[in-house]
Amino acid sequence: GGRYEIMRASIKKWCVGSPIQAILDATTELVAQHQIAAADVVKVTVTMPDDRIHIVDNRTMPDVCAQHLCALAIVDGTVTFDSTHDHARMNDPAVLAVRQKIDLLPSAELTVARPARQAIVEITTSKGTFRHHARVVRGTPDNPMTASEIEAKALDLVAPIIGPERGAQLVETCRNLASLKSMRDLKPLLVA
C-alpha cells in the first residue's frame, strides 16, 4: 500500500516509435522557442542512443522514421496522430527538403545515460545554431504531461472517430469523472 505503480505509468506524448520520443521533444522545443521555419534550416543533427538507432534510421514506415518525423515537426511545428501515420507526407516536397538536411548520429554515452531515451537535437539556421538536450521524455513520471496536453492528445486520437464535438464532450466528462453518478453516462459519448 505504499507504492502505486499506476502513478509511475507513462503517457506517450507522441504517437511514434519510442526511440523518437526525445527527438520530437527536442525538435518541437527548438522550433517553438526560436520560431524556426523550415525555410531557415541549413542543417539538423540528431544524436541518439546507439543501441536503438537501427530501429528508427531511415525507415519506410512514417511513425518509426526518425528523419521523417524530425523534418515533419520542423515543417508543421508539431506532429499529430494523422501526420505521423500519413505515408503520403513521406513524399511531401517540403518535408523531403528538410529531411535531406538531417544527420542521425549514434551515441554510446546516450545509450547508458539515465534516464533512458535521451536525444540531442541541434538545428543550424540562417539565424544561428540552436541545441536542445531532451534528458527526460515528456509524458514519463519524471516529466509528466499537463492536463491540457493529455486532453489535446485525447482529442487528436478520438475526434477523427467520434467527431470533434463528441470528442470535446468526452474530454469534458472525463475531466469531471468524479461527479458522474454512473460510468454508464460515458456510453452515449463512446458508442455511435
With distance as the sole criterion, is a donor-acceptor pair present between the side chains of S10 and T140 under 3.5 Å? no
Is R138 close to T146 at the side-chain level, that is, under 4.5 Å between some pair of heavy atoms? yes
Are L157 and C15 side-chain neighbours, meaning at least one heavy-atom pair lies under 4.5 Å? yes
For R117 and S18, run side-chain hydrogen bond (donor to acceptor under 3.5 Å, both in side chains): C-alpha distance rounded to whole Å, both residues' side-chain angles, the deciding distance at 0.1 Å, then the answer. CA-CA 8 Å; R117 297 189 294 160; S18 184; 3.1 Å; yes
For residues L24 and I11: do they belong to one hydrophobic cluster (side chain heavy atoms under 4.5 Å, members Ile, Leu, Val, Met, Phe, Trp, Tyr)? no
Ring pair (Phe, Tyr, Trp, His ring centres under 6.0 Å) pairs touching residues 1-54, sequence neighbours excluded, are H34-F130
Do I74 and V44 make a side-chain contact, defined as non-hydrogen atoms from C-beta onward lying under 4.5 Å apart? yes
I would like to know whether L189 and T173 meet side chain to side chain contact (heavy atoms under 4.5 Å, CB included); could you show each step before the answer? CA-CA 9 Å; L189 298 172; T173 302; 3.3 Å; yes
Rounding to 0.5 Å, atoms OG1 (T28) and CG (L69) come to a distance of 12.0 Å
Test: D25 and K13 ion pair at under 4.0 Å: no
Residue pair I162 / L190, side-chain heavy-atom distance below 4.5 Å: no
The complete set of ring pair (Phe, Tyr, Trp, His ring centres under 6.0 Å) pairs with one or both residues in residues 56-83, sequence neighbours excluded, reads F81-H85
Does I120 share a hydrophobic cluster with L104, counting links as ILVMFWY side-chain heavy atoms below 4.5 Å and allowing steps through other members? no
Under the salt bridge (charged side-chain N to carboxylate O under 4.0 Å, His left out) test, which residues partner R175, sequence neighbours left out? E151, E172
With distance as the sole test, does Q67 use its side chain to make a donor-acceptor pair with the main-chain N or O of D57 at under 3.5 Å? no
